[in-house]
Amino acid sequence: MLSLFGNKQLKAFGLDISDASIKVMQLESSSNGFYPVAFANMPLPEKVINNHLIINELKLSQCINSAVNNAKNINTNGALDEIASGIKI
């Protein structure tokens, strides 16, 4: 399976959807376990998800697509907690 973030093999992919935002992260494996290689955090417009219920499926799918397409490579030598706080790897 090809990665959603480029022409690399997909090792692991995380998707977090809340009422307010979408977070996507691609992970790859190494001898020390998994490490993050790409991340995006995008706010959701109002009336897409309300009270944990999907209100607008089409808009949500467009937002997920946009988050995946806008995911940026991350440098794991820096402070990952600032980039992806709250994401459990």
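For reference, positions follow the sequence shown, starting with 1.
Hydrophobic clustering (side-chain heavy atoms under 4.5 Å, transitive across Ile, Leu, Val, Met, Phe, Trp, Tyr) keeps Met42 apart from Phe39. Following chains of ILVMFWY side-chain contacts shorter than 4.5 Å, one can reach Leu15 starting from Leu44, so the two form part of one hydrophobic cluster. Transitive grouping of hydrophobic side chains (ILVMFWY, heavy atoms separated by less than 4.5 Å) brings Ile54 and Val68 into a common cluster.
Annotation: side chain to side chain donor-acceptor pair (under 3.5 Å) contacts involving residues 47-66, sequence neighbours excluded, comprise Ser66-Asn70.
Between atom CG of residue Asn73 and atom CD of residue Gln26 there is a gap of 8.5 Å, rounded to the nearest 0.5 Å.
Closest heavy-atom contact between Met25 and Pro36: SD-CB, 3.6 Å. Here the shortest heavy-atom pairing between Ala71 and Ala40 reads CA-CB, 3.6 Å.
For the pairing with Ile22, the side chain to side chain contact (heavy atoms under 4.5 Å, CB included) check across Leu60, Ile49, Val48 returns one residue only, Leu60.
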